[in-house]
Amino acid sequence: MREFGIILLVLLTITFLVTTYLLIKDSIWLKRLNKYRTSESLKPIKPSHNILQKRFTTLALSFVMILAITPILTFNQKIEPPFYVDKQMVNVKTVGSKEKLVSMIDNYNNYYYYEEGIVWEGNINGSADLGLDGLNPGTVVGNGDTQNNDRDFIDTNNQVEGVQEADIIKTDGNRIFYAPYGRNQVSILDISIDGTATLKKEIDFEEFYLSTMFLTDNYVVLVGYVYEKLERKATTTSGEPYFDVWYPYVYSGALYVYDKTTLEEVYVYETQANFADYRVIDNKLYIIANTQINLDDPRPQATINYQGSQKTEIVDYNEIYYFDENIVSGITAITVLDLETFETDTKGYLGRTEQIHVSQDAIYTTSTYYDYSYYNQYANTDDTGTFNWDEFYKTSIRKFRILEDGSVAYVGSTKVLGFVGGQYWMDEYDGYFRVITSTPAWVPNISNRTIYKHRLYVLKENELIDSLDTISVLDKGIGKPAVTKTGLRNDVTEEQVKSVRFNGPKAHVVTFLQTDPLYTIDLSNPAFPVITNAIEEPGFSTYLHPWGEDYLVGIGNMATSSGMVTGIKLSVYDTNTLEPLQTYEIPYNLNGYSYSYSDALFDPKAILVDSEKQIFAFAISTYSYTLIDNVYQSSYQSEYLIFKIDFNKEEIISKPYRIEHGSAKYYFNVDRGVYIDNVVYTFSEYEMISVNYDTGEIIQTLPLKS
Amino acid sequence: MGYSEGGVEMAKLLLDKVKDEALILKLRTSYNLITEDINHTQTVVSLDNLDENVVTDIVNLASGNKEMMLFETTDGWVNLNIYEINYLESYLDQVYLHDINQQTYTLKTPLYQLEERLSKHDFVRISISFICNIKYIRYIKTLLNQKLELTMMSGDKLIVTRSYLKNFKHTLML
């Protein structure tokens, strides 16, 4: 629409200028004619109104329209993302041209690598154009119509309600889509009314590497990457080889969208960037991607195959923005893909993105960098120096508002000290953005151990300019005081942050060195955060799940009193008491060599959880090897544990149902479980086993493609 | 031809319709006379002083403004006042003469010969098939394609083509 306006404005301006030129020419000719007439004793001519009317009408009309359109276009520019209406942008600027972008990248390269005179040859970014032939159509294994919309199922364990996160398993209650790790395949199972699962189809991929999925009303969105091997060489300016081959593979994020019902491919989106993260809100996919800088054409771009035609979308230099104070290390491209119309909108922001937090109204991105001014200071001091280690890690935080039409507008940014360890370290509540940051340092004159400084920042978007104001910082008390060479210091700690969870006006933080304090911080007054409780126990939780206002369920590791990890545990907490209410332990088998592992310790999406249904379920895997006939025989065992959590019972954590998935010599894992209508379907790459949630009885075992 | 009234000698000259603007202007400026067309063919010139010399001058002027030229038409020879020619046009192998009385004659003389004959008067070749009388141009409009559009006093519109533009400009500037 804006492009049409600009074209119209240009045409009107041309009309205006040409008409003016013609009028001037006319008057010159008239002068000549009158001169002639005078010389011939003829009366000079005054052009009649009729003759001039057409010219003057054109002139006046074009002028009025120029006056009318110009402000509309300027106004539109203001409300169009990323410039949000009624806000003065002081931190962000438009790149505008290739020269400007390249010069900024040059500055960065000189700054970051300290390498001068290196000339890179070839395309840094590569172009992973695989077209559509990377796919194997797959085979239909079963059939049967199972459509029923009233199924009761548990969605992926999303951090924020209404903001869908991607996972390797997805269901809408009627169908389960499962993409086992490392299999590069999607298995689609139909779930009949009586709970029986049938394998509908398996789709194999060849050149597209599937990572994770989204499910929308009509589509299944497969997220992954394609890669290309590069011949990339570098020489010095004097022609000497610098590296023969450096980083020879380029991975590029890609999407394949399939119709959820027909399982036909609908849309393909291939970028030249790595996806940092993605979310789906109201059938709109938000992709935050880090574009690798290619000096030939540094703009973020994507190839789209839709409805039989292929097109390349390149972000205009006017839609790439930079922040004065930030280091230019790549471009963050924020793409909104409408999963109904398949329209995309991409904007580029200089600087990389590491973590994101997405609420229903905003996207927050973080990027941590080292402040080298402090590094140099450190390098130049000895142990007794005054290195200000606390200023070394800095994180730039940017906020992008999600507007009513689903588009994204940049609204503010700020910098905080420390790094942000994950999406759960961040949260938005009641307009306030809360974030935990951590700064580690090894400073020999303070301690022989790594010391940390943990902070809780409360930020709020400034209403007048594009900045995030710091409302408060809690920089003491998160982690027990450190024993330093100069005595106990309560402004630093030796404990690492292991998990963070915000729950409405409360924040819960677990730190760990030898024992686990679980802090509860009251944020009901955002200007004055107060630590209200600390629960101490051996071990630590790596993930906390709120259970109502006051209760928490934590999954993590058991540990000895000296801090050695001895197994996996599940604990339940009342955030007002000083000890956990109950802990269920899954110790490592210490007879022979054995080690237990659970995806759920690192990936909250591996947990099937619903506080109303009182379910908390996840898989564990055990690796062990035993000496048989003088040969060590190894085996993997993996099982799915379904706990029922009821805070009203004396035994809050029930004895779990254990669903074993056989054993194998090689790596093997139960990946996920899905709940539909009182049946839990558990998945490993070899089989699906379903159980009755009430009785734990096995209902069905369905082999998957082996 | 003349009469006196109240001691003041008044006179009215009845001439063939004076169509020449230059003459009307001259009559007005030099003799302070009022001209009035009384019908399609005649003009009355009122004189407030009956001076024989003046009358002679006026008659001479009026007749001198008539320059007759013989043209061969498809119907025979015709004697026309060249000051009354609006423009000449050649179409296919015919040449048409349009006069200011909206009359058209089909001439047998080729256009280039007519151009030569009329060149010492106020005529200019404006395109390969048009010669126009400069005196009857009402407005010159510049067109986008480097051509000019001439609006004649009669309302006719003629085009000055690119190749004759220089010639046209030259004639006007002289």
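The chains referred to below are lettered A, B, ... by the order of the sequence lines, with proteins before strands, and numbering in each begins at 1.
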Handout entry: Neighbour count >12 (heavy atoms, 6.0 Å) for atom OH, A:Tyr317
Key = yes
Handout entry: Inter-residue atom distance A:Arg37.CZ - B:Leu172.CG, 0.5 Å rounding
Key = 11.0 Å
Handout entry: Contact class of B:Ile134 relative to chain A, heavy atoms under 4.5 angstrom
Key = both
Practice task
In sequence, state the C-alpha distance, the side-chain angles, and the governing distance for B:Thr142 and A:Tyr21, and then conclude on side-chain contact (heavy atoms from CB on, under 4.5 Å).
Solution key: CA-CA 9 Å; B:Thr142 320; A:Tyr21 169 78; 5.6 Å; no
Problem - When B:Asp122, B:Thr151, B:Leu144 are compared by non-hydrogen pairs under 4.5 Å with chain A, the top option - result: B:Asp122
Fill in the blank from the handout: If one checks every heavy atom of A:Leu22 against chain B at 4.5 Å, the contacting part turns out to be both
Handout entry: Verdict with reasoning, A:Asp26 to B:Tyr139, per side-chain contact (heavy atoms from CB on, under 4.5 Å)
Key = CA-CA 8 Å; A:Asp26 283 5; B:Tyr139 190 73; 3.2 Å; yes
Problem - Spacing of NZ belonging to B:Lys135 relative to CG belonging to A:Leu33, to within rounding of 0.5 Å - result: 13.0 Å
Handout entry: For the student: nearest non-hydrogen atoms of B:Arg138 and A:Leu30, plus distance
Key = O-CD1, 4.5 Å
Fill in the blank from the handout: Whatever's closer than 4.5 Å to a heavy atom in chain B on A:Lys35 counts as neither
Problem - Heavy-atom check, side chain of A:Trp29 versus side chain of B:Lys169, under 4.5 Å - result: yes
Handout entry: Crowding at CD1, B:Ile128 (>12 non-hydrogen neighbours, <6.0 Å)
Key = no
